[in-house]
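In what follows, a structure is listed as structure tokens, so that the remarks can point back to it.
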Amino acid sequence: MIEFSAVHKRYPGGYEALKGVSFTVADAELLFVTGHSGAGKSTLLKLIPVIERVNSGSVMVNGQNVSAMAARAIPFLRRNIGQIFQDQKLLYDRSVFDNVILPLNVTGVHPKEGAKRARAALDKVGLLKREKSNPIALSGGEQQRLAIARAIVNRPSILIADEPTANLDSQYAGEIVDLFVDFNRVGVTVMIATHDEQVIARASAKATTRSLTLTQGVLAP
Amino acid sequence: MIEFSAVHKRYPGGYEALKGVSFTVADAELLFVTGHSGAGKSTLLKLIPVIERVNSGSVMVNGQNVSAMAARAIPFLRRNIGQIFQDQKLLYDRSVFDNVILPLNVTGVHPKEGAKRARAALDKVGLLKREKSNPIALSGGEQQRLAIARAIVNRPSILIADEPTANLDSQYAGEIVDLFVDFNRVGVTVMIATHDEQVIARASAKATTRSLTLTQGVLAP
Amino acid sequence: MMAWLRLHSMAFAATIAKLARTPFASVLNILVIGVALALPAGAYTLLINLQEAARGVSSDPELSIFLALDAKKDDVAEIDKRLKAEPLVASATYKSREAAFAELKASPALGDVLAALNQNPLPDAFVVRLKMNAADALDRLATGMQAWPKVEHVQVDSAWVRRVAAALKLGQLSVLVLAALLSVALLAVTFNTIRLQILTQRDEIEVSKLLGATDGTIRRPFYYYGALLGLFGGATAALMVWGGISVMNAGVADLARTYASSFSLHMLATGDLLAILAFAASLGWLGAWLSVSRHLREFEPRN
Amino acid sequence: MMAWLRLHSMAFAATIAKLARTPFASVLNILVIGVALALPAGAYTLLINLQEAARGVSSDPELSIFLALDAKKDDVAEIDKRLKAEPLVASATYKSREAAFAELKASPALGDVLAALNQNPLPDAFVVRLKMNAADALDRLATGMQAWPKVEHVQVDSAWVRRVAAALKLGQLSVLVLAALLSVALLAVTFNTIRLQILTQRDEIEVSKLLGATDGTIRRPFYYYGALLGLFGGATAALMVWGGISVMNAGVADLARTYASSFSLHMLATGDLLAILAFAASLGWLGAWLSVSRHLREFEPRN
Ligand SMILES: Nc1ncnc2c1ncn2[C@@H]1O[C@H](COP(=O)(O)OP(=O)(O)OP(=O)(O)O)[C@@H](O)[C@H]1O
Ligand SMILES: Nc1ncnc2c1ncn2[C@@H]1O[C@H](COP(=O)(O)OP(=O)(O)OP(=O)(O)O)[C@@H](O)[C@H]1O
Ligand SMILES: [Mg+2]
Ligand SMILES: [Mg+2]
């Protein structure tokens, strides 16, 4: 369960990206965050794995007040949150397989067990055949799916995706939406930031969804 | 004038991104390159300022065979081509103004004259008030416009834009399309890669446009 | 526990792989560190050798024996007898307190001051010249004499001892200054190298942090890298010193021949070598620690 | 032309700004280079001083004059007369060829060989002892004597000359080895520093290239940076040597006092200092060139 209470976020330089945002996400919900470019969607998502910290208010994740969490504890929080970044953050100096196994290496999972899980994740997004390629040789849609595989390899209970379909044409975008709906079905809490109404429409046709709309840092009622 | 003749492009690793592409762009044309993700749009655009080189065939720009150009001559070619990159390539360690003046510093224009031109370019994209900000503090749409300002500050005769509206909602995207139409009106040859049909529709409503469609590296007839 | 071990061994393996992947840069860095360490190590080796040489070359060591102020004629005679009985003593000259006082009063610098004293502050003394081969036993002998009756103080203050002491003091000072300067150089090299590593792996570090890597997991490979760099640098230094000594021994042979001596330089003792390696590895670790502490901060989530 | 000048001066200004923006790293690098250069420069200074000292301290210089094999008794008498007339000569000892031959035949090593000869291969000779203050005029004197009748060869081969020559040869060898080793260190430091710079400015370089910057425009600031690093390093080295000499002069004073001499160390000559600065700047430039050539290739458009 995720709960934002009166969250304010001001960036260095003085810009207020979030102005008193409060909402609750139940377990196994599929939630969209929409709004214009610059509305604060990415900022909102970054507060959950504490990539940014709030200036006032609080963010609770599974009963923990993560906005006041000690730096030491943050890695362990992040291991339970699958993240898909707006700029993907793939490593282009290693193979697809090595990209996916990274979160498991980070936690010290046994290499054999890790390889099994990484292949399972790649299989789920349909990239098992490309495991030896370099991400640079993948098309835009394939790179997006690779980012998803890396986010789910740790079997997180929360999945956060920031514009996972930008740069993709509607066919690829649709496939990726379907993947998120599938994860949501097996009990994962999914939060997706997007400005693409087609994406929301497609997901809503297949599952129960909810949308939060941000306008210049304020949540529409 | 830009002319592709039987262009083949194979990436290291063996993937053939372009397979015998031939077409001609007249001066002052407004041309869209469309196609699915991975179709080869970016690759096609990169051949014009010789960011990538062809494997066979030739690319002529204003009568020069740029595909066979000596490395020494390429910088001077690039100074005449305004480029907007898919990943923008802004420099986040300096101000908006310093980003825009970069192409002028590169050619050794006098600082005073450079500053005047940079401000004119910023004014054209409506960012004159933000000249002292850091690009990181700009919204997605503003960053796109900054990239455009940098591309036009040198008054190039050719403008190349790779997915200039990805990441943007339709309102911002529309504003940017209008900018390109304006440049085209004053005689600049504009080539835009996009998978967004709305963008093409909006431009076509305001100016004469042409579209090339790529399918897995082959140009649709 | 198993996971912890695995994290450590993975970090270690990654470090070795990293060194091997950029052989040119690694060799350069190790070379710089090697040179930086070889210089004080080499100087230290030379100093040790000089000390040994000084002990061998010096001839005619001298002792001064100062008697108590209340020593009587009998006491002086007793000391004289004992000195004559001592097999290591070559000759002994008695200088009475009166003679010493007169001599000092005649000196232009102190004469006036001493003339004003109505008491003689100087003791009786013997200047003892020892046999050449007594050089080693000098200290032992002096300690023994110290226990003789009415002996106030025994001073080993012959000219050569003072000269050698001054030269060696100078040498030691130089080695210390050198070692300090070059430790800074070693620190700087590891510091910069780790900074380079961090920059090269910027993306990997950022992504790992986002995926839940702890600070320790991220820092560990850099510490290993720094320590290994230092260690290899130390080994290179040892090799250089060894090579330098070998080359110099050729030159020293020439020099020694003109003195009709068969003097040659020796390598550092194993203990000293190990100390240098340990020192180098620690400095490398420290440089890595400083660099990591300074440069990894950039990746902290800001407030 | 104006644009070209502007590009150069902009590159130079950017370089200075870069040095100032990362003061800690810059100072560390300059320090390492300074240390690397200070060592051979310092050793060289000491060597120069020793040469001077050797000239001052040495007493009783000697010359050997070998006459032609066909020299007659008259010739020997003539040389003897001339030597007696020479004001710088303290004493001269005549050694006839017969006496020398007999002496050599008595030596165990060569006796058998010489006994087999039925002719005496040795010339008549004089061993000439000069007055102390003739040390400076030694070479001039020897050249003059070389022109005397029936003089085959004049050799300045007294024991002290040989000793000092051997010691200085050893010293020069060490300085050369040191300079070579540390030039590598200096190269490595600039190489790595420039690599670091290139990595830090990766984005700027990439974007500039895409916007039409020529290779020269991109490389120029790195060359300046390398040369400046070397230059500042050289200046630091000069400062260190100066400081070192000052510190040592205190120690040397102690040492010199025991020899009742007022010897002290001098700084390097201005010409030598300038040479060191130029050398350091060139090495810095070279290191930058190597690094830029190696690392900028990554940004070339691939085929
Ligand atoms: N690091 C930062 N420093 C300063 N301002 C920032 C920073 N990051 C974001 N901002 C500002 O905060 C506002 C919200 O940014 P955010 O990235 O959350 O928007 P968004 O809704 O994700 O937009 P987009 O659709 O373009 O990704 C923007 O106006 C932006 O300029
Ligand atoms: N540097 C590279 N090395 C190897 N393969 C590459 C490289 N760059 C692109 N490719 C491959 O070439 C194909 C065409 O890539 P390109 O970037 O031109 O596609 P695109 O049409 O621009 O797609 P998108 O809409 O995702 O930007 C893709 O399948 C990609 O995997
Ligand atoms: Mg965003
Ligand atoms: Mg593309």
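Computation of the quantities below employed the complete heavy-atom set of this structure, encompassing side-chain atoms and omitting hydrogens, waters and symmetry-equivalent molecules.
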Would you indicate whether the side-chain heavy atoms of [Y] and [X] approach each other to under 4.5 Å?
X: D/Asp203; Y: B/Tyr92; answer: no
X: D/Gln201; Y: B/Leu91; answer: no
X: B/Arg150; Y: D/Val207; answer: yes

Check your understanding: Quick one: what part of D/Leu210 sits under 4.5 Å from any heavy atom of chain B, side chain, backbone, both or neither?
Key ->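 For D/Leu210, heavy atoms of backbone and side chain both lie under 4.5 Å from chain B.
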Review point. Counting only heavy atoms not in D/Tyr44, do more than 12 sit closer than 6.0 Å to its OH atom?
Key: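 Not buried by this count: 12 neighbours or fewer within 6.0 Å.
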Exercise for review: Specify the closest pair of heavy atoms between D/Lys209 and B/Arg78, including all atoms of both residues, with the distance to one decimal.
Suggested key: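 Reported closest heavy-atom pair: O-NH1, 2.8 Å.
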Check your understanding: Which heavy atom in D/Leu211 sits nearest to a heavy atom in B/Leu102, and how many Å separate them?
Key ->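 Nearest pair, atom of D/Leu211 first, then B/Leu102: CD1-CD2, 3.9 Å.
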Check your understanding: If you count heavy-atom pairs under 4.5 Å with chain D, which of B/Asn80, B/Asn105, B/Leu77 comes out on top?
Key ->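 Counting heavy-atom pairs under 4.5 Å, the top option is B/Asn105.
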**Study point:** Region of B/Pro103 in contact with chain D, defined by heavy-atom distances below 4.5 Å
**Key:**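 For B/Pro103, backbone and side chain are both near chain D.
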Point to revise | side-chain hydrogen bond (donor to acceptor under 3.5 Å, both in side chains): pairs with one or both residues in residues 109-127 of chain B, sequence neighbours excluded | key: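 Only B/Glu113-B/Arg117, B/Arg119-B/Glu131 qualify under side-chain hydrogen bond (donor to acceptor under 3.5 Å, both in side chains).
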Practice item. Starting at CG of D/Asp215, measure out to CZ of B/Arg72 and round the result to the nearest 0.5 Å. Key: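 The distance works out to 11.0 Å.
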